[in-house]
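Worksheet: one structure, shown below.
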Amino acid sequence: METTSVQKIKRSFKRPFVFPKNCVYRPLRQIHNIERNQKLPPDQPTYFTLNAPPSLLPAKKYSDISGLPAPYVDPHSKLRFANAEEYGSMQQLPSDIINGYLTLRGFTSAVG
């Protein structure tokens, strides 16, 4: 029997994204200036007048101290924290500092 070598051909169904040669990349500030300088009717949509629907995903919660993703909340102070080290440092904070963190986040309830 004859043995034939079969080469596996790697077929990619995804094409890598490349800007077309005739496409010009423009930063957002340049797009805004171009649209502002054009005399367009007020009912014509532009890049900055389009509104997106609200997200269906829940809002991400970040630590009030470090800014890392925070899966935990202190039940007493209502501060969010990312790990045990942050929790230990939160326990030693005075209440005015805790209130400052909460007002930065927009939480209105006072610590008691």
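Quick note: residue numbers are just sequence positions, from 1.
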Working to the nearest 0.5 Å, report the span between [atom1] of [X] and [atom2] of [Y].
X: D74; Y: M90; atom1: CG; atom2: CE; value: 4.0 Å
X: R26; Y: H32; atom1: CZ; atom2: NE2; value: 15.5 Å
X: Y87; Y: S63; atom1: OH; atom2: OG; value: 13.5 Å
X: I97; Y: L102; atom1: CD1; atom2: CG; value: 11.5 Å
X: R36; Y: I31; atom1: CZ; atom2: CD1; value: 13.5 Å
X: F81; Y: K61; atom1: CZ; atom2: NZ; value: 13.0 Å

Inset, instruction - Give the intermediate values and the outcome of side chain to side chain contact (heavy atoms under 4.5 Å, CB included) for residues K78 and F107. - result: CA-CA 9 Å; K78 307 295 187 225; F107 193 77; 3.9 Å; yes
For the residue pair [X] and [Y], what are the closest heavy atoms and their distance?
X: I98; Y: L93; value: CD1-O, 3.8 Å
X: A82; Y: P69; value: CB-O, 3.6 Å
X: Y62; Y: G67; value: CD2-O, 3.5 Å

Inset, instruction - State whether the number of non-hydrogen atoms from other residues, nucleotides or ligands found under 6.0 Å of E85 atom CD is greater than 12. - result: no
For [X] and [Y], indicate whether the former's side chain and the latter's backbone hold a donor-acceptor pair under 3.5 Å.
X: D64; Y: Y101; answer: no
X: S89; Y: E86; answer: yes
X: Q44; Y: L40; answer: no

